[in-house]
Amino acid sequence: MSMQFVMGALLVFWVQAVLALFRASQFVRLRYGVTMLTSVVILFAGMGFLLGSAPVEQIALPLGLPDIGMRMRIDALSAFFLIVVNLGGVTSSLFGMGYGLHEKRQGRVMPFYSAFIAAMNMVVLADDAFTFLISWELMSLTSWALVMSNEEKETRRAGLVYFVMASFSAIMLVFAFGLLAGANGSYGFDEIRQSHPTAISATIVLALVLLGPGSKAGVFPLHVWLPLAHPAAPSHVSALMSGVMTKVAIYGAIRILFDLVGPSMLWWWSVPVLIIGGATALMGILYALMQKDLKRLLAFSTVENVGIIFIGLGLALAFQANGMVTAAALAMSAALLHVFNHSLFKSLLFLGAGAVLHATGTRDLDQLGGLIHKMRFTAVLFLVGAVAISALPPLNGFVSEWLTFQSVLASPDLPQASLKFLIPVVGAVLALAAALAGAAFVKAFGVSFLGRARSEAAAAAQETDRFSLAAMMLLAGLCLAVGVLPSLAVDALRPVVDMLTTSGLPPQDIGPAPLSLVPFADGRSSYNGLIIMAFLLISGGMTAWFIHHFASDKVTYGDAWDCGTPEDSPLAQYTAESFSQPIRRVFGTSVFRAREVVDMPPPGELRAAQYNADSEDPAWRFVMNPLSRLLWQVTRRADILQRLTIRKYLAIVFAWLVLLLVAVTIWH
Amino acid sequence: METSIDISHFLAGAVLALSFVLLYQARLFALFNAFAMQSIALAMAVGWQAYSQGASHLYITAALALVMKGMLIPGALRWVVVKMGIHRQIDPVVSVNLTLLLGVFLVILSIMVVFPVAKMEGGIAREDLAFALSIILLGMLMMITRRNAIGQVIGFMSLENGLILAATGAKGMPLVVEISVAFSVLIAFFVFGVFIFRIREHFDTIDVDALSEMRGDAE
């Protein structure tokens, strides 16, 4: 049954996209509303499928290439990602019902918005390589169009880099599917599952997956497009791109590695995946710490979280290839739960950033400040997202990172010595990244919402509209719910994990208290969000009561920063730059070549002193720039081929023909 | 039966031999004559195929080859050359001796390519196919070793002769194919004709290398 609903909903999306080509600036709220309801339909279909453990459903649509058509399929994995995609779709559309009205060029947003959501759904549903690739490209193109919807100058560069990287990832996928083709060169996923690739071609597929879906998800150093493109889009689209589209890319990696290649996986594959995951997590959050653009900071934090998910996947790979299915199930549960959690809090944070952007007209942290007084609800909701992404209990981010650490603890049982050493190192890197994430979000929240306003615009900010608040409340509520009731979330994931690793977590009712999360069957550790939250509420409430009871009436008010030298300027506060200076000095001097130059005029000279801090991006410096230089040189060399005489072209064709004929002769 | 095959080999071999004759011509009119002779030999080869296979539609192909390529096209080219006062010398890019050596190599290559393939269905003799392939390759060789545009036209049409020979050697090739081949040759003739006129108009020469000046980036 789910399939019919989903197909109908997809049709509605596309019809809407076509309708939005006409008079896009009218009925904007209605259009977003319809998109939201359509997403709700698929969301419920996916939830119904997953919770009801329904049988796999397939459908072949008479579209696309002759004799091949378009095959789609819902299994547990697709159903889970349908939920992720459409939860993002629902909240972003709800936010759009308020925020989206302010868009100046509706014609550049509306037609692509619902098409984008539809394309992401189609990627998740695809059951053959053609459908997958076409949907993947539709997803890239529609999101590219959405990025290009704003007319700032830097958007053009973002669009170019995004376009190149998206094409690159699609080409890598084409090669990967080419290697995987089943018997008789058929590209249906069923046939691919039946055929078992050789170790070499399966390994090449792994490399292609890390390059293709990897670059789309944003692994270091292929993430370069992400912090340019995600912030450039309208904020509810940023939420979709960062919260959902990166997850669709991760879906591609999981589908190919764990489902299609499946039994052919080798244990040492986990080594590159873990190293890449660790590097991505650490570099992502270090980049994030350096940013002073709120949305860029969030985009880089997405890179970090993709790294965490890849660490989970790498652990699952290591355990799975060694036949340790329960440990693999644990790591896979952690990765999938983090996929879900990150989609929740990253959407929440981007929507919050959108509300701030609309209220103040800027994303520059050094122009914000003091917003907690003007935008009370947005501030609280943003804080919930920040706490969740910093992996603090009792919110959801803690649960999935805790599960990842638990599966790191299972690594001493692995037979390979190299993994025994590598995995604890990756675990330490993960811990460092988690701590730095906390710092990054203290900065994001503290500089924008606390203190005093640093600009007129920030001082004049107003609370955002009800639709936007409702969308953020929904997400914040879900963050809290998953954090407090993690065992229910993990139970819901059981069919997916079982499908990918042929095992699951132990039954969750063996914990010391009801609703505890238990990663190992011997019950050596457990986590209960409910108890933690109760403790936090009680202790926090008591502290508040004590303070209020004994101290509130003794408070006196004075001038801010009045430590003997009254200073009225908000510039006396910590800025985004100064907050991250210690961390930049520790990590940045080597990795980012960060330099600080202080230009102090000698006494008597009247010009102002200047402080300059600049840094270089290693991904551009060591990977992207050399690559583009190489490409430029090769094309310049090949340019000669464009300037030959007719006779020379004929001679080339002729020589090639003769060469092939000679080859045929020798071959016989 | 044996005699029939021998005769068809003889005629196809004659077409091939005339391809070599085409390769060493230094004057345009002699080139036209050689081409006309090759086309007449082709018409006879096709006519013999029509007779031996009992395929009456092949007579039409033979007649087309005889009339179009044996008479009309050489005549028309002669007229063009006289009318436009084109320089009647052909400048080879590669020396004639080397061209002929390359031609011999190409024939050997064709034989080595075709012979290992088992006898095909439909009764086409592998020798016929080797002849046809040689003629096609020689036609291409001629196109790239001549600077003169008219030399290239002739090379192209002798390549088409090879195609027709290959097509008629196979039993059951429908007439439609041959007619379309004949028409394509005709169209090619017109295209090349216009091409030659244009070059002549602009550069007072029909050396195709002069064309590169038009792009403004000649070496």
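Letters A, B, ... mirror the listed sequences (proteins, then strands); counts begin at 1. Given the structure is predicted, the values throughout are model-derived calculations rather than measurements.
Shortest non-hydrogen contact noted between A:Val658 and B:Phe105 is CG1-CE2, 4.1 Å.
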Inset, instruction - For B:Leu137 and A:Leu657, run side-chain contact (heavy atoms from CB on, under 4.5 Å): C-alpha distance rounded to whole Å, both residues' side-chain angles, the deciding distance at 0.1 Å, then the answer. - result: CA-CA 9 Å; B:Leu137 291 177; A:Leu657 177 66; 3.7 Å; yes
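In this structure, OG1 on A:Thr665 lies 11.5 Å from CD1 on B:Ile108, to the nearest 0.5 angstrom. Atom CD1 of A:Ile666 sits about 8.0 Å away from atom CE of B:Met112, to the nearest 0.5 Å.
Proximity to chain A (any heavy atom under 4.5 Å) is restricted, for B:Leu106, to the side chain, taken from C-beta onward.
Within 6.0 Å of atom CZ in A:Phe175, 12 or fewer heavy atoms from other residues, nucleotides or ligands are found, so the atom counts as exposed in its surroundings. Within a 6.0 Å sphere centred on CD of A:Glu154, other residues, nucleotides and ligands contribute 12 heavy atoms or fewer. Other residues, nucleotides and ligands contribute over 12 non-hydrogen atoms within 6.0 Å of the CE atom of A:Met70.
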What side-chain donor-acceptor pairs closer than 3.5 Å can you find for residues 93-104 of chain B, not counting sequence neighbours?
{"from": "B:Ser95", "atom 1": "OG", "to": "B:Leu98", "atom 2": "N", "distance (Å)": "3.4"}
{"from": "B:Thr99", "atom 1": "OG1", "to": "B:Ser95", "atom 2": "O", "distance (Å)": "2.7"}

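With sequence neighbours left out, the side chain to side chain donor-acceptor pair (under 3.5 Å) criterion links B:Asn33 to B:Arg78.
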